[in-house]
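A short worksheet on the structure shown next.
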Amino acid sequence: MNSDPAEKFSQDDALLRVRGLCKAYARRGNWAWSHSRVESLRGVDLEIPAGESLALIGASGSGKSSLARCLACLEKPDCGEIWFAGRKLALEDVSANPRGRPKIQMVFQDPGLSLNPRLTATEIVTEPLLITGWGAGADRAERAAELLKLVGLGADAGGRLPSQFSGGQRRRLSIARALAAEPILLILDEALAGLDLATQAQIANLLLDLQAERGLTYLWILHDLRLVARLASRVAVMDEGRIVETAPTAQLLRDPQSPPGRLLKESILTTPLWIS
Amino acid sequence: MLSRPPALGAQSEDLLVTTGEAGRVGGRLVASWHSEPKTANPAIALDVVSKELITLLDADLIHINLATQRTEPALAKSWAVSDGGRRYVLELRQGLRFSDGQPFDADDVVFSFNLYLDPKVDSPQRDLLMVGGKPIKVLKLGPYRVEFDFAQPYAAAERIFDGVAILPRHLLEQDYENGKINQAWAISSAPGSIAGLGPFRLKQYVPGQQVVLERNPNYWKVDAARHRLPYLDEIVFLIVPTEDAEVIRFEAGDLDLLEKVGADNYALLEREGGAHGYRLFNLGPGMEYDFLFFNLNDLSAKHLPEIVRKQEWFRRREFRQAVSLAIDREAIVRLVYRGNATPIWTQVTPGNKMWVDEAIPHPARSLEKALELLRLGGFTRRADGTLTDSQGAPVEFSILTNPSNAQRSKMATLIQRDLSQLGMRVNLVSMEFQALMARAFDSYDYEATLLGLVSGDADPNPEINVWTSTGGTHVWALAEVHPLPPWQTELDSLMQSQTALLDFAARKAAYDRVQQIVAEEDPVICLVSPNVLAATKAGLEGLEPSVMRNYLLWNADRLYWR
Amino acid sequence: MKLKFALLGLALIHVLVLGAGFLAPYDPAEQNRDFPFAPPMALHLVDTQGHFHLRPFAYAQIYHPESSAAVPYEIDRSRMIPVHFFVKLAAEGGMGQSGEWRLFGVAPPHRLFLLGTDDFGRDQFSRLLYGGRVSLFAGLLATALSLALGLVLGGLAGFYASLPDHLIMGASELFMALPWIYLLFAVRAFLPLHLGAQESFFLLVGLIGLTGWARPSRLVRGVVLSARHRDYVLAARGFGASDFYLLRRHILPEALGVLLTQAALLIPQYILAEVTLSFLGLGVSEPAPSWGNMLADMQKLYVLESYWWMFAAGVALIPVFLLYHLLADALQQSP
Amino acid sequence: MMRFVLSRLTHSLMVLFGVSLLTFAFLKLAPGDYFEQMRMNPQISPGEVAALRAAYGLDRSLPVTYLLWVKSVLRGNLGFSFAFNSPVWPLLKVRAANTLLLTLTALLGSWLLAVPWGVWAAARHGGWLDRVSSLVTASLLAIPDVLIALALLALALRTGWFPAGGMHSLAAESLGAAARWRDLVWHLALPVLALIAGLLPVQIWHVRSALLEVLDAPFIRAARGHGIPPGRLLFRHVLPVAANPLISLFGVSIGTLLSGSLLIEVVMSWPGIGPLLLQAILERDVYVVVAAVLCSTAFLVTGNLLADVLLHVVDPRIRAM
Amino acid sequence: MDSLLHVQNLTVRYGADGQRPKSALCDVDFELAGDEALGLLGESGSGKTTLALALLGLLPPGGSVERGAIWFRGTNLVAAGPRVLRKIQGAEISLVHQEPALALNPVMRVADQVIEVLRAHQHLTGQQARAKSLELLAEVGFAPESGITDAFPHQLSGGQRQRVVIAQAIACRPALIVADEPTTALDTAAQREILVLLRDLHHRMKLALILISHDPAVLAAAVQRILVMYAGRIVEDGPAAQLLQNPSHPYTRGLLRCGLPVIPGSAQARRFDCVPGEPPDLAALSPGCAFASRCPERMEVCGVCAPAETRLAQAQRVWCFKYE
């Protein structure tokens, strides 16, 4: 990590800067005539300073996941620029050259879908190392064990399959895999959704600890504003493929300026409906 | 022979009066074919079924009686030979009419022969009508008299006329002149457009299902009681693609007769026949025989070094003789044909009563003698029993068979085992028929082949192409070998000379010598001749079963239901 | 449980046929020309007098070649043939390996035909065991070949979509439509005359296997098309994984379930395909037995009507098919 | 829809073109030709055979032959049968109709049997009835089609319940329309049964596994929770969803309509395309084979198209894609 | 209190072949009045869903009621045959599933799915059923002209699908609706809508409601009384307001600490302080209190035997040695 150029650029400059990002999907199946384009991102501008926790909120279908995928270089945006750690990402070759990829990783929404059910925990965590050609076999195994321990999975976890873990443990596994690629920016796409409160709290704690330990920058994608309040320092509200409002969390929760922001605030289950 | 019954026919109809008891008129006979007839046109018919159909629809000038295997008058009521056997003048029956009612005369005969001989028509019959490499000349001498000129004396001249169907000029001349004769008389043509002089005429063709023939009202034969033949109103041929299905349908009563049935199914019918009152016919050995031959072609033009190496063995008489001696013909008769076959050592089967040479020896199977012969031929046996040639190479070769012929495949398996007792390693290569033919006749890429041949006629003349070195059916050596072995030279001259010998005894002597050479030299190793087996329902009379095709239906005009 | 049962059963059957060289009393090619179509001989422990014998025995059969009965054999209860265990094979002809140990046998000149004989008097029991080798392994290998081809081609088509997809799927449709019989003729034409038992076995496997990739490839393609968009594939891409890595590690294993189901359906089909191939002369050539060519014998009316024991190969196939069926079922349930 | 159908049609044409080309190539590669069989006849000279080959254009090279054939196909002529000396299409037409009658009936019958059977086996999944059903289907798989056909014929012979092959009784001509129909149905019974016995095991397997998958789905549990009775559950909820793989299978089975019954037709003397094709294949009556293969491919292509359209109608999810 | 449902000592075991049996429910005992809204609170694996399925007689294969009874309007559902059950399922007790996307038939139009339920229990003509289904869909907020009635499930949003499921659930005017985590799969806006809808229906239709959730905030929004479950057992039972403000059981307390009351102005990232550890393996429960291993107030007796019910003030019950 020390030799990475990302370390060298100054703190006042944003770690990630996005300008005018747009992306449209062609929807098609077997049916040639049913081509249609769904504009998912319509010019997104965004900046994340290093070490910050930014939460991206918005109704479903507002383009959050699409933005996350473009930022994690999983998809190629149609237009716009992404600057990361002072370097402009060439959008054409995001999938080529594993070693030269930017250190942006993503933790997926549903680990049930993002962990291959046929691979053991060790295999899953080793995957990024294997792909980037990191170390020898034994080194990788050792590193995998370290990572599993880091996210709080027991010593016996390595040989188990995803289906043999609980929901919370799968989240941990997912985080361990993302960490294996030594990211600077971690995109957490609904990483806490679908968990019991207790587990949610545990995972959130884990992520907060990791951030504190390693100086990671987080881009949270969340739908529960109660979590936003606790986890993010700044919030960006997305609506219909654009970012319509960015503000410090407290300010936004107190007094959202944009209509989508207001709508989101209203939906928070604060006042018990019944007890009153 | 000439007779003029006043009761029948308006003008002078030269009808043929048959002998034998009179039958009952009427009824329908249901028979079967494995495949559909492809055409009713004798000029192009190739397949057996079409030819069988044509023998029922059409008639020839001189006919071979399949029961006696001798010729007898047909459309020609008499003939005269002159010019040392080079000129035949045939007297035709007068007043006959085709099945469509139109009259028949010498013009039809001349038309028919010219059509068959026309190189543009490409009739498969054409070769048959070439004598001494030249076409027969046909001349009309009068309305009912025709002259045929041969380029050289021809022993089997009378037999040439058998099977040459006389066509109605009035129906086909137009097509012939327009160059469309090959498209005429397809099986799907309207029945009314087809006419002949045979006992039946086409009534209906249902594709894939059946062909129905009905009585030809103008047929030119009557029985002793002056009833016009044929007796049967109709013959129906159902298309039944396999023999097993035929047997089942025969047993179910759908079919009235099985013209030819395999030994296994015959045994099945024999077992159940008593209860159903079938009439089973075991006619004894037929004209068909199975044989094994080695590749003796001159392969210098082909690149087949492996086979050339093995030809060193195949060309040794001792080798071929040893193989012949080691084959258990009795086992073939017993296991393949359930006893319904006869072992043979030369090409003429016991079914060919006129030409068979009784003096041919029937050596019993003997491994000792075979091994002795092999030793003389320079072969030795290793300690483990493997036979090796003088170079020390093990004797191993393959036999081609076609899987569609179950009997031959079985035979091959027996031979494989027989020869293994000599220390020969035999591989069986099974290949469907066309591919096998292509190897045997075009590429010569084979070592040994098991085949069957049917003589279409009892006479040796058509066999000339089999036994002379230049013949097209000289299967074991189509690419001629130089120099010819002395026995082949002798075969060539014997076959050539017998064609011109008009004296039967002299011809027989020549042909006996041919048989002897084949038995001694084993260019083809003759194995067995299966019996002709057939079955009919009880009540069908007038049958004169023949060992030649059409076994039961050759005299369909005389068959009747009791 | 189910899985174990199926695997055990299949293993047992395969061990049985692999052990043919010891379990079968005779060489499969040995002809007993004096015993064509002999019926199966029952083993007894108790004789006609009611005496119990520790050593199993069979009664001799007398062949009446002149009899017109369907099965012209008569059991001679006065002649007992005791069965011996661990015997040496007697030398016979040029093919039998003399001196081999066999599990059981009877003293020559007697013969023991547990499942009767075929038209050459060859022991059906021995042929069944030896033939199973060819058929079971041909079915297995041919299926493996088909599935491997289907996996690779279907995987490529599903993964790359667009042009490769069009090409491969077009080809698969072609393959399904083509008249195989012709290709087989053509192939035979190019082959050398001599094919040893092994070569013809691999030829058989190759031919059967090559013809069958179209269906599995289409199924694999379907699976791959959906697997391509799974999150874990996306995640691996996020680490910079190559296409090959994704296919090998994540996408193709997904198709495993489909393939196993296909295997359970294809293996029986392929074992029986040899019946057709024998018809074309492309099957296992004589005198080697296979279940396919043994069943082909049954397809003759007189055999069907008279010699029920010739169906032994068919009966042997039933448990094999059942077990494969069960195996696929069990594998389907435990993804 | 139109565009889809059009694009599929062009694709289909490509497939047909490919099939015809490859079939031709195979034919040329396979040894021997139609006139090879004449060589065994001692009465026909090799020269005569060569002349016939030339007359029928068999001496020409593959590309030339193929181009000539394509030209004649474009003029609406599918080729010429050497054996019948007549155009192929009329030969094929009549027999194809008979084959379709047979195979369509069998297809219909087998689905009518396979669906309830598969449903029944799936409903009793793991029980002993399911096992018995597996045993029956495995046994059916173990018997080659031809053997089934032959055994049925032998049975027909012993019992006299069914005719022993053929399509009509000889007396059919003289019967009234109703009796003729009855006669036809009577003759159809056995070959249809033989075909069904071959089709059934695989179909049952597919129905059963498709059903098992759906029976496990949460929406079926939900429907049960709504108190929907079992019969309605099956027909209204399970089957429509389980139909997708079955529709695809159905589409594929249309492709085998022409070729699937070949050997059974031969054994049972059904006057369909089977005996004609088998003989044409063995005799190398090239154009008959090419035409039959082409027809068969056309069926396959149509079947796939039909399945796609059906899927589109049945499954709204596909429509949305 | 007029009791509609009485669950008596219900014990359910799962024992798929070959595996160790799991006791998914153990001596669950509670009553429900005909107009009551009851919340079930607990982590996943605490037996909430098993209870819901048991109430509808829909236990998956391998699951069986070992002892106890479920009395519903005088019928013991545990002992009832399939015919009797079918009369009750969907008609008198209906279930709202967790995942509306999976609970709807993918190839059936929305209105038809509602009609299916109606026809399963009522004899209606096609037209009547259609009219009724439109009425029901209107009741859950779909105007007939919205076109949603003829849509397929995949064309709807998560919230809309859940409304359809609810329309199915109320189709036959049941006496009890069991809603199993009906909002978990939804985003916050839809979550709120559905809760409001359920509460309204409860009021308007006078039906009993059992709402299952792991989120106290969800329950607080919609129910009067809460049962807290842990490892298949009820650990606390009481009126919602009281239980949420003043939890007694250490587990309830821990759980509520994980809850996320919004504290405006305090946007600092902060660690959570709540129940540590993971829920126990139901197949290998030790004797004693199931929560003992995670309990911050564990006593020696907790590891020895299971605590019994202790009644506290105001209809609150708790199962904990602290109060014995």
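Below, chain A is the first sequence line, B the second, and so on; all start at residue 1.
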- Query: So does E:Lys48 pair up with E:Glu181, basic N to acidic O under 4.0 Å?
  - Reply: yes

From the list E:Val117, E:Asn105, E:Val165, E:Ile88, the residue making the most non-hydrogen contacts under 4.5 Å with chain D is E:Asn105

Side chain to side chain contact (heavy atoms under 4.5 Å, CB included) evaluation trace for D:Leu200 with D:Trp117 | CA-CA 10 Å; D:Leu200 210 52; D:Trp117 187 330; 3.9 Å; yes

*Check: E:Glu92 and E:Leu176 side chains under 4.5 Å, non-hydrogen atoms*: no

Anything under 3.5 Å between a donor and an acceptor, one on a side chain of residues 214-227 of chain D, the other on a protein residue two or more places apart or in another chain? List them.
| residue | atom | partner | partner atom | Å |
| --- | --- | --- | --- | --- |
| D:His226 | ND1 | D:Ala222 | O | 3.3 |

Counting heavy-atom pairs under 4.5 angstrom with chain D, the leader among E:His121, E:Met108, E:Glu116 is E:Glu116

Cut-off 4.5 Å, heavy atoms of chain D, and the answer for E:Leu102 is both

If one checks every heavy atom of E:Arg83 against chain D at 4.5 Å, the contacting part turns out to be neither

One option among E:Leu104, E:Val96, E:Leu53, E:Leu56 has the most heavy-atom pairs under 4.5 Å with chain D, and it is E:Leu104

Chain D shares the most heavy-atom pairs under 4.5 Å, among E:His97, E:Gln89, E:Glu99, with E:Gln89

Per salt bridge (Lys or Arg N to Asp or Glu O under 4.0 Å), E:Glu139 is matched among E:Arg173, E:Arg163, E:Lys132 by E:Arg173

